[in-house]
Amino acid sequence: MSSENDRGDSGAEGALPEQLAFIRETVRRSKAPRAKPRTWRGAALAKDLPVARVLVDKGVLHLDRYFDYAVPEELDADAQPGVRVRVRFGAGRHRVRDGRREGGGLIDGFLVERRAESDYAGPLAALAQVVSPEPVLGEELLRLARSVADRYAGSLADVLQLAVPPRSARAEQRPSPEPLPPPAVPEAGSWTRYEQGAAFLEALASGGAPRAVWNALPGPEWSTELARAVAATLASGRGALVVVPDGRAAARVDAALTSVLGEGRHALLTAEAGPEKRYREWLAVRRGSVRAVVGTRAAMFAPVRDLGLVVIWDDGDDSHSEQHAPQPHAREVLLLRAAQDKCAFLLGSWSCTVEAAQLVESGWARPLVAPRPQVRETAPLVRTVGDQDLARDEAARAARLPTVAWQVVRDGLRDGPVLVQVPRRGYVPRMACANCRAPARCRHCAGPVEAQDAGALRCGWCGREESSWHCPDCGSFRLRAQVVGARRTAEELGRAFPAVPVRTSGREHVLDTVPGAPALVVSTPGAEPVAENGYAAALLLDGWAMLGRPDLHAAEDALRRWIAAAALVRPQREGGTVVVAAEPTLRPVQALVRWDPVGHAVRELAERAELGFPPVSRMAAVSGTVEALAEFLGTVELPPEAEVLGPVPLPVTPAAAAGRPRRPGAPPPGEQWERALVRVPPGRGAALAAALKSAQAARMARGSGQPVRVRIDPPDIG
DNA sequence: AGCACGCCGACT
DNA sequence: GTCGGCGTGCTC
């Protein structure tokens, strides 16, 4: 299916049109390639392979090519492929002084290749300096970075900035430890709970490259199961890489790896470590001293030797999306790695994203699931509280908490801690059917219907006015804005149970664990502490806030967050109960009750295919001022199948926000920007990225003042 | 992006 | 003649 095609044609063998054009041009111009590079009044050059191909470390797209430099004799030994170099670069003030060319700034780069001769017809400048003889950019990493740049219409230099950590001389001086021999093949352990669990481990241990989408059972065993998969891969003599969404998850996997493998066999790569320690760990991996890595998203590029397995945990968490250009997603990067290195792939989660379901649907990966009785055995009981219950229950309505919920909390507090999940502030209210709460969508392109200041309705994607909306599901003509507001509920809850301590975990202050004693634990999604022996009960409040957004991911996100909280609750047989405040007829609510995130994702996938949504189609967002965007859309040569939606105006950033850091892709404060979406059918993702990249490159080269931002797989469509 | 080169108008 | 306007194009 689509994703496979895209991975195929964005691979190393497929050169982009502008690259081809460049190559053709260079070949034409240099009629007779010189046997030896001619420098400015030749200083002594390396005898063997006197040309260094250099990637200049500038993110600008039209410089996204290699440049040749001459290798002076004294740098010959150090100037090996993969090392960091400094070169003079820029058309500026070329003066020839003492037989050497000067001027142009000194700029960092990577030496990519040593060659006998150059395609470049002109005289070569010499390498100014080898920053360090440590080879940091290997062939595989370079190939990966190239694929990622192509996939995301970004520059190679930008990707390398994400992939290669900044240098620390002190870290380089420290020798890395001696590598340990491969460990023994681990026991299957709790993997036997899954139908293909033991077989998956065996395949890894025997050097195979199985690819699986793993729907993990609720509970704390997942990190040990991950560690066993890593151990099995190491036992086969290969390396393994695990990417998790945050530092807490990384710490859990780190602990599990230590207990399964012992000390010294794996590295922990997280931002928390600080630059020097982090580079030291990275170097230990790169040098082959350490064969296994766990880390947060930057670790997706970790240069693991002889990679046998890549793992991503909880791919639906948005921290897997890199914030820096070109904003690659860890799942997509690991997919590229699995394809490039022909290694095993494991995507694990308590929940299931549409993208994960697609990997199974297309046949690229196999499902790794537990049999239904095992799921029922492990999951808590889930009860729902909808509007009907609230309406019937006048007293509860005032407190925003129905009787069922009170009872569950009260009963739970007799046995242990009770988790209360409240939504974070700041959800954008959007329009939904007042009757059945289905998000209101545009009839033409299925984008989200938004309320304007004047009260008019308009599509957030194509900008069409919506004057006669009615709900396609239930026929209602009434719309409502979704409202958020919940923190108070938790406070009231605390007052209602005065004898019980209330602990909170949220953005500013995240608790890692809580003891098994009775307590109310109030948390925002993603910050839920793990309870010793599991929570006795959980209360998931204000489902509307999560479901109300007609964001593509609204239902999936809500389900993922509920499941993430509910997975910390004891199994039903131990009395574990979850109450979710949401209409029981809604699809994600039903999926939670049945504990069937995979079924939910499969149905969402079918719907996305029907509506032409990602990941079945591929989308890109292009934004800029009205003029800049119009000009860009006028010049870009999109593949014929491409469909342009919009442009529509983006909300103006208040000028008061000037001091604060802006989200990447957001317009500068006070400027009116527009955004268009471009979508292409399955298999044309690479062509779309290439077209956008070359249009962007042409634009930058022209230096036409106003910027245009291009974002592949925009996360916030709708 | 910088920064020079180039090919046209008013100036010592 | 030449100083300098910034349009155009290159950076190994």
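Numbered from 1 within each chain, the chains take letters A, B, ... in sequence-line order.
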Engineer: Mind telling me whether H320(A) and H329(A) have parallel, tilted or perpendicular rings, with 30° and 60° as the class edges?
Structural biologist: tilted

Engineer: In whole angstrom, give the distance that lies between atom OH of Y66(A) and atom C1' of dC12(C).
Structural biologist: 14 Å

Engineer: Send over the distance from D119(A) CG to dT11(C) C1', rounded to a whole Å.
Structural biologist: 16 Å

Engineer: Any donor-acceptor pair under 3.5 Å linking the side chain of T296(A) with the backbone of T270(A)?
Structural biologist: no

Engineer: Whole angstrom is fine here: how far is it from CZ in R86(A) over to P in dT11(C)?
Structural biologist: 22 Å

Engineer: Have a look at E134(A) and tell me which of V130(A), V136(A), V131(A) forms a side-chain contact (heavy atoms from CB on, under 4.5 Å) with it.
Structural biologist: V136(A)

Engineer: Could you tell me the separation between the CZ atom of R88(A) and the C1' atom of dC3(B), rounded to a whole number of Å?
Structural biologist: 15 Å

Engineer: Is there side-chain contact between L638(A) and L692(A), with heavy atoms separated by less than 4.5 Å?
Structural biologist: yes

Engineer: Nearest-Å distance, CG (D57(A)) to C1' (dT11(C))?
Structural biologist: 16 Å

Engineer: Roughly, in whole Å, what's the span from CG in L45(A) to P in dC12(C)?
Structural biologist: 16 Å

Engineer: Whole Å only: how far is the CG atom of L106(A) from the P atom of dG2(B)?
Structural biologist: 16 Å

Engineer: Tell me whether Y120(A) is stacked on the nucleobase of dC12(C), counting only the six-membered base ring and applying the 5.5 Å and 30° thresholds.
Structural biologist: yes

Engineer: Can you tell me the distance, in whole Å, between the CG atom of D68(A) and the P atom of dT11(C)?
Structural biologist: 12 Å

